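One structure is given below, represented as structure tokens, and several questions about it will come after.
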Protein chains: 2
Amino acid sequence: MSENCEFTKVLEILGGKWKPSIMYQLFMNGTMRFSELQRALPEITKKMLTTQLRELEYHDIVNRKIYMQIPPKVEYSMTEHGSSLTPVLMAMNDWGKAHLEHLHSLHGERQPEQEVVSENVNNDIVEIEAK
Amino acid sequence: MSENCEFTKVLEILGGKWKPSIMYQLFMNGTMRFSELQRALPEITKKMLTTQLRELEYHDIVNRKIYMQIPPKVEYSMTEHGSSLTPVLMAMNDWGKAHLEHLHSLHGERQPEQEVVSENVNNDIVEIEAK
DNA sequence: CAGCATCCTTATTGATACTG
DNA sequence: CAGTATCAATAAGGATGCTG
């Protein structure tokens with residue numbers, strides 16, 4: 001049951017190549033039309049933008065407001081429930097910045113040293129059986 | 001540059017089918033051997049456990065301590081840097097619980113109602129050109 | 001304008017067998 | 001015990017064209 005708390009599920013909900021960027025846009029700009037999102041995220045395709053938005057909508061993170069008119073107009077925005085993600089995103093963002101600096105000091109050049117503890121055991125049985 | 005802050009990158013680091021579970025185990029149990037993790041996560045294969053651990057290690061989130069002995073013994077634990085993820089995980093966990101309840105009230109049965117705003121425009125041009 | 005349908009490519013995950 | 005290597009299956013993402 002609680003093999004890993006809710007943590008895994010949240011990652012699944014937030015995961016997806018473009019979801020973070022979409023949420024970021026909506027947080028910054030409030031309400032945006034489909035085409036505005038496309039302009040803001042030039043590399044995403046229409047298909048992906050649609051599917052990622054639909055998933056976010058399914059989880060009640062973004063709101064989809066359809067204007068019945070020609071030409072069509074659809075506006076997206078964070079729902080109230082989606083806005084409750086703010087502390088999560090803030091925490092991730094803060095950690096991300098610290099992490100980046102930290103990694104630079106580590107991976108600036110090389111791998112982190114392997115920590116090898118040579119106990120060269122005599123308390124443990126060498127039991128590699130031959131075939 | 002800052003199209004989406006650090007948010008996307010953090011998701012990439014934390015993303016992976018088993019990483020959350022692994023981190024959770026290490027947070028709860030402190031130090032664990034490879035085989036202990038396997039027992040705790042019965043569905044993960046050795047290959048996946050290895051690769052996910054290696055990725056976490058690369059980002060200095062988990063520590064790998066090798067005992068040079070026969071039979072081999074390797075212990076994993078959260079690094080100090082990895083422990084700094086605690087606020088992030090807590091935030092996600094809290095949100096996850098609230099989210100779960102929230103979703104039950106929504107998706108208990110049906111899709112959320114489409115919010116359709118019928119403005120039936122007259123301020124916008126109907127410009128669907130015929131072929 | 002805001003999609004959906006189809007087909008295709010790449011990435012992630014998994015099964016299985018072998019090794020120091 | 002703690003892996004690696006190889007191959008197979010699945011899932012995620014992308015290109016392109018069509019539609020109301």
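A note on names: the letters A, B, ... follow the listed sequences, proteins ahead of strands, and every chain is numbered from 1. In this text, all values refer to a predicted model and were calculated from it rather than measured experimentally.
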Item to complete: Sequence neighbours left out, what passes side-chain contact (heavy atoms from CB on, under 4.5 Å) with A/L89? Give chain and number order.
Response: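 Residues passing side-chain contact (heavy atoms from CB on, under 4.5 Å) with A/L89: A/F27, A/L85, B/F7.
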- Message: What's the angle between the local helix axes at either end of the helix from C/dC1-D/dG20 to C/dG20-D/dC1, using five pairs per end and rounding to 10 degrees?
- Response: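 End axes: 50° apart.
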B/I70 CD1 to D/dG3 P, in whole Å, measures 13 Å
For a quick test of reading the model: is some side-chain N or O of B/R54 closer than 4.0 Å to OP1 or OP2 of D/dT4?
yes
Set of ring pair (Phe, Tyr, Trp, His ring centres under 6.0 Å) partners for B/H81, sequence neighbours left out
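Result, ring pair (Phe, Tyr, Trp, His ring centres under 6.0 Å) vs B/H81: A/W95, A/H99, A/H102.
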message: Using OP1 and OP2 only, check whether a side-chain N or O of A/Y76 sits under 4.0 Å from C/dC1.
response: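 A/Y76 to C/dC1 OP1/OP2: no side-chain N or O under 4.0 Å.
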message = If we check side chain to side chain contact (heavy atoms under 4.5 Å, CB included) with B/V62, which of these qualifies: B/M32, B/R54, B/Q52, B/E57?
response =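 Of all the options given, the one that passes is B/E57.
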Which residues pass the side-chain hydrogen bond (donor to acceptor under 3.5 Å, both in side chains) test with A/E75, sequence neighbours left out?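 Listed in chain order: A/Y67.
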Inter- and intrachain pairs under salt bridge (Lys or Arg N to Asp or Glu O under 4.0 Å), touching residues 79-101 of chain B, at least two apart
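For residues 79-101 of chain B, and leaving out neighbouring residues, there are no salt bridge (Lys or Arg N to Asp or Glu O under 4.0 Å) pairs at all.
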So, is A/R33 close to the C/dA2 phosphate, meaning a side-chain N or O under 4.0 Å from OP1 or OP2?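 Affirmative; the distance criterion is met.
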Side-chain N or O of A/R64 closer than 4.0 Å to phosphate OP1/OP2 of C/dG3: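 For C/dG3, OP1 or OP2 has a side-chain N or O of A/R64 closer than 4.0 Å.
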Applied to residues 12-21 of chain A, the salt bridge (Lys or Arg N to Asp or Glu O under 4.0 Å) test, sequence neighbours excluded, yields A/K19-A/E55
Could you run down the sub-3.5 Å N/O contacts of the protein with nucleotides 11-14 of chain C?
{"from": "C/dT13", "atom 1": "OP1", "to": "B/K17", "atom 2": "N", "distance (Å)": "2.9"}
{"from": "C/dG14", "atom 1": "OP1", "to": "B/K17", "atom 2": "NZ", "distance (Å)": "2.6"}
{"from": "C/dG14", "atom 1": "OP2", "to": "B/W18", "atom 2": "NE1", "distance (Å)": "2.9"}
{"from": "C/dG14", "atom 1": "N7", "to": "B/K47", "atom 2": "NZ", "distance (Å)": "3.2"}
{"from": "C/dG14", "atom 1": "O6", "to": "B/K47", "atom 2": "NZ", "distance (Å)": "2.4"}

Below 4.0 Å: OP1/OP2 of D/dA2 and any side-chain N or O of B/S35:
yes
Worksheet item: Could you state the NZ-P distance from B/K46 to C/dT19, rounded to the nearest angstrom?
Response: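 About 13 Å, once rounded to whole Å.
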**OP:** Find the distance A/L49:CG to C/dC4:P and express it as a whole number of Å.
**Re:**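 One finds 11 Å between P of C/dC4 and CG of A/L49, rounded.
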* Asked: Does any donor atom in the side chain of A/R64 or A/Y76 lie under 3.5 Å from an acceptor atom in the other side chain?
  ->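 Present: a donor and an acceptor within the cut-off.
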